[in-house]
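Reading through the C-alpha cells given below for one structure.
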Amino acid sequence: MSETSLTWGSVREMSPFEVMMWRAESDPRYRAPVLAVELLDEKPDWERLVAATEWATRMVPRFRERVREPLAGLGTPYWIHDVEFDLHYHLRRVRIPGSGPGFWAELAPIAEQFMMTPFDRERPPWEATLVEGLPGGRAAFLLKLHHVLTDGMGVVQLLSQLHSRRREHDPDKPQPAAPAAEAPDPLAEVDRLVRREAGLLPAAARMTRDVLGALTHPVSAVRDTVRWVESATRVLAPPPGGASELLRPRGLSWRFVALDTGFADLRAAGKSVGGTFNDAYVAALLGAFRLYHEKLGRPVAPETTLRTSVPVSVRRSGDAAGGNRWAPARLAAPMGVVDPAERIRAVGAQMRAARDEPALESPDVVAPLLARLPGPLLTLVAGGSTAGNDLQASNVPGLRSEAFLCGARIDRVYPFAPLPGCAAMISVVTHGDTCCVGANLDAAAVTDRELFAECLAAGFAEVLSLRPGAAEPVIVR
C-alpha cells in the first residue's frame with residue numbers, strides 16, 4: 001500500500017499573482033473565496049466524513065498549511081504547516097428544515113453566507129460544511145477554498161484525485177502520515193527575502209542583454225516591442241466600450257443562482273454555427289443580460305456591448321498541480337445582438353483574437369511589481385482592471401464519470417467564484433452530461449435575482465434553439 005501524499009499545491013512560495021489576491025483583501029470588495037456546492041443523493045455518515053476529511057488533509061498537506069507573511073509584509077508570503085491545525089474548526093455541519101418551497105431557496109442563503117464570511121488568515125484558508133435535511137434524504141457538501149490555493153482547473157484536479165469512484169469504503173487507499181508541524185524561522189525568512197530580491201538582478205541583466213542584442217536588428221526589434229506593448233495594453237486594460245448603467249452599482253453582498261443544461265446540446269448548438277462550447281456558453285450569458293436589461297425597461301441597441309472578461313487557462317503539461325495559471329481574455333461582448341448564431345460567431349471571433357494576443361500572459365510580467373505594493377495601493381492600482389468588468393465568465397471542464405463522497409453519489413457540482421469588483425461572476429462546470437451553471441451576483445448591481453434567473457434560462461434557451469430537440473435549461477429551485 002502506497003503511503004505517498006499527492007503533489008497538489010506543493011509550491012512553497014506564493015506566485016506574484018497569488019500575492020496580489022492575498023493582499024488585495026485589505027479592501028473587502030476583493031475577497032477571493034471559491035465555493036463548490038456538491039449535491040449528494042443521500043446523507044453521508046458524519047463520522048466517515050470526518051475521517052475522510054482528515055485523510056484528505058494528509059493526502060494534500062497544503063490543507064494543513066497556513067499563509068505566513070514574513071518580515072512585516074516585506075517579503076513574499078509562503079506556506080507553513082499550521083502548528084495548531086484543528087479539523088473541528090474547518091469542518092462543520094448544519095441541518096435545514098427541508099419544508100420550504102424548494103431546497104435551493106433554503107440552501108442558497110446558507111451557501112451565500114458561508115462564502116461571504118472572511119477566512120481566518122491565521123489558519124489554513126479553507127472550510128467545509130455538510131448541509132443535511134434536503135428533500136428525499138439528500139444532502140449538500142460545501143467546500144470553500146481561498147483563490148490563492150488554486151484556480152478552477154486546480155479544484156477539478158483536486159476533486160478528481162480525492163473523490164472515490166465507488167460507494168464502498170476503500171481500505172487500501174494510501175495512508176500518508178500527517179506532515180510535521182513547523183514554526184516560523186525569522187532567520188530563514190531574511191535569507192529567503194535576500195535571495196528572492198537578489199534574483200531580480202540576474203533577471204535585469206538578462207533583460208539588458210536582450211535589449212542590447214535587439215539593437216543589432218533595430219527595425220524588427222522596435223516593431224516587435226510596439227506590437228507587444230499594444231497587446232499588453234489590450235490584455236491589462238478593461239474591455240473597450242462603456243459599462244452598463246444598470247449594472248453600475250457595487251456592494252458587498254452576493255446572491256446565487258444555479259441552472260442546469262445539457263452539455264452535448266450546448267456544444268452542438270455552438271458547433272452548428274462554427275463556434276465552440278465556450279462561444280455558445282458566453283453567448284447564452286450575453287442573451288441573459290440583454291433580456292434582463294429589457295425586462296427592467298432598459299432596452300439595448302444592437303451595437304451595445306457588455307464589458308466581459310473570460311479567464312483562459314495557460315497551464316502547461318509541466319506546471320505543478322494546484323496554484324493559479326490563467327490569464328484574462330477581455331471582450332467588448334456583443335450583448336445587443338439578438339440572433340444567437342450571429343452572437344456566437346461574434347464571441348468566437350473575439351475569443352480567438354484574445355487567445356492570439358502576443359502578451360496574453362503579460363499579467364505574469366506586471367504581477368511581480370504590483371505584488372510589492374501595500375494592500376490599499378494595490379487595490380487602487382490593480383482593482384480597476386477587474387472592477388471595470390460587468391461580467392466575468394468562467395468555463396471549467398469537470399468530472400465526466402460518477403464520483404462519490406463517503407458513500408453518497410455526487411449528482412451535481414455548482415461552482416461559485418468571487419466577485420472582484422464586477423457585477424456578476426458566472427461559472428460553468430461540466431458534471432457528467434450536465435452543465436452546472438453557478439451565477440454569483442452583486443446584490444447591488446443585479447437587484448432582482450428571480451428575474452435574472454428567468455433571463456438566464458431564456459438566454460440559454462435562445463442558444464439551444466440552434467440545436468433541434470435540445471432539452472430546456474432548468475433553474476435550480
Side-chain angles (χ1 to χ4, degrees), residues 238-250 255-261 265-266 269-270 272-310 329-351 354 388-395 419 422-428 435 437-467 470 472-475:
S244 165
E245 288 296 325
L246 178 64
L247 304 175
R248 183 178 294 277
R250 296 291 190 272
R255 298 293 183 268
F256 294 168
V257 168
L259 177 142
D260 292 338
T261 192
D265 287 339
L266 192 58
S272 70
V273 294
T276 65
F277 169 84
N278 188 72
D279 299 337
Y281 167 62
V282 175
L285 301 185
L286 296 175
F289 278 96
R290 186 194 80 251
L291 293 168
Y292 184 71
H293 279 72
E294 291 175 355
K295 294 290 186 182
L296 290 181
R298 302 284 189 91
V300 298
E303 67 276 9
T304 303
T305 60
L306 190 72
R307 286 185 170 184
T308 302
S309 179
V310 181
R330 301 187 187 277
L331 314 179
M335 176 174 66
V337 175
V338 176
D339 179 34
E342 182 182 350
R343 197 160 68 238
I344 289 172
R345 286 190 285 264
V347 169
Q350 289 196 37
M351 285 299 302
N389 300 324
D390 291 315
L391 166 66
Q392 290 197 195
S394 178
N395 162 28
L419 281 174
C422 56
M425 176 71 195
I426 306 181
S427 308
V428 62
C435 292
V437 180
N440 185 5
L441 311 172
D442 187 313
V446 182
T447 55
D448 192 331
R449 172 173 42 184
E450 289 301 318
L451 176 62
F452 184 82
E454 298 292 343
C455 292
L456 186 63
F460 275 92
E462 283 185 350
V463 169
L464 291 169
S465 69
L466 299 171
R467 166 73 165 174
E472 291 290 321
V474 177
I475 301 170

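Hydrogens, waters and symmetry mates are skipped; everything else that's a heavy atom, side chains included, is used.
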Where is the tightest heavy-atom contact between L306 and S244, given as atom of each residue plus distance? CD1-CB, 4.3 Å

Approximate separation, where rounding is to 0.5 Å, of T308 OG1 and Q392 CD: 9.5 Å

What is the minimum heavy-atom distance between E294 and P299, and which atoms define it? CG-CA, 4.1 Å

Can H293 and L247 be said to form a side-chain contact (heavy atoms from CB on, under 4.5 Å), step by step? CA-CA 9 Å; H293 279 72; L247 304 175; 4.1 Å; yes

Which residues pass the side-chain hydrogen bond (donor to acceptor under 3.5 Å, both in side chains) test with E450, sequence neighbours left out? R477

What pairs meet the salt bridge (Lys or Arg N to Asp or Glu O under 4.0 Å) rule with one or both residues in residues 280-289, with sequence neighbours excluded? none

Distance check, rounded to the nearest 0.5 Å: C435 atom SG versus N395 atom CG? 8.0 Å

Looking at side-chain heavy atoms only, is the closest gap between T261 and Y281 below 4.5 Å? no

Which residues share a ring pair (Phe, Tyr, Trp, His ring centres under 6.0 Å) with F452, sequence neighbours left out: F289, Y292

Between the CG atom in L285 and the SG atom in C455, the distance rounded to the nearest 0.5 Å is 12.5 Å

Can you give me the closest heavy-atom contact between L286 and P334, atom names plus distance? CD1-CD, 3.7 Å

A side-chain contact here means heavy atoms from C-beta on lying under 4.5 Å apart; do L466 and I344 qualify? yes

Non-neighbouring partners of R250 that pass side-chain hydrogen bond (donor to acceptor under 3.5 Å, both in side chains), sequence neighbours left out: none

Residues passing the side-chain hydrogen bond (donor to acceptor under 3.5 Å, both in side chains) test with N440, sequence neighbours excluded, are none

With sequence neighbours excluded, tell me which residues meet salt bridge (Lys or Arg N to Asp or Glu O under 4.0 Å) with D265. R467

Could you tell me which residues satisfy side-chain hydrogen bond (donor to acceptor under 3.5 Å, both in side chains) with R298, sequence neighbours excluded, listed by chain and number? none

Restricting to pairs with a member in residues 275-288, which pass salt bridge (Lys or Arg N to Asp or Glu O under 4.0 Å), not counting sequence neighbours? none

Could I get the full list of side-chain contact (heavy atoms from CB on, under 4.5 Å) partners for A443, not counting sequence neighbours? S253, R255

When every non-hydrogen atom of A445 is compared with those of P249, the smallest separation belongs to CB-O, 3.3 Å

List the atom of I475, the atom of A453, and the distance in Å for their closest heavy-atom pair. CD1-O, 3.4 Å

R248 CZ to D390 CG distance, which is reported to the nearest 0.5 Å: 8.5 Å

Begin from the C-alpha positions of L441 and V257 and carry the test side-chain contact (heavy atoms from CB on, under 4.5 Å) through to its verdict. CA-CA 8 Å; L441 311 172; V257 168; 3.9 Å; yes

Heavy-atom closest pair, residues L259 and P473: CD2-CB, 4.1 Å

Across all chains, not counting sequence neighbours, the side-chain contact (heavy atoms from CB on, under 4.5 Å) partners of E472 are A461

Run the side-chain contact (heavy atoms from CB on, under 4.5 Å) test against T304 and tell me which residues pass, sequence neighbours left out. V300, A301, M335

Nearest 0.5 Å, please: how far is OG in S309 from CG in L331? 7.5 Å

Quick one: does L451's side chain get under 4.5 Å of L296's, heavy atoms only? yes

Would you mind listing every side-chain hydrogen bond (donor to acceptor under 3.5 Å, both in side chains) that reaches into residues 338-351, with sequence neighbours excluded? R343-E462

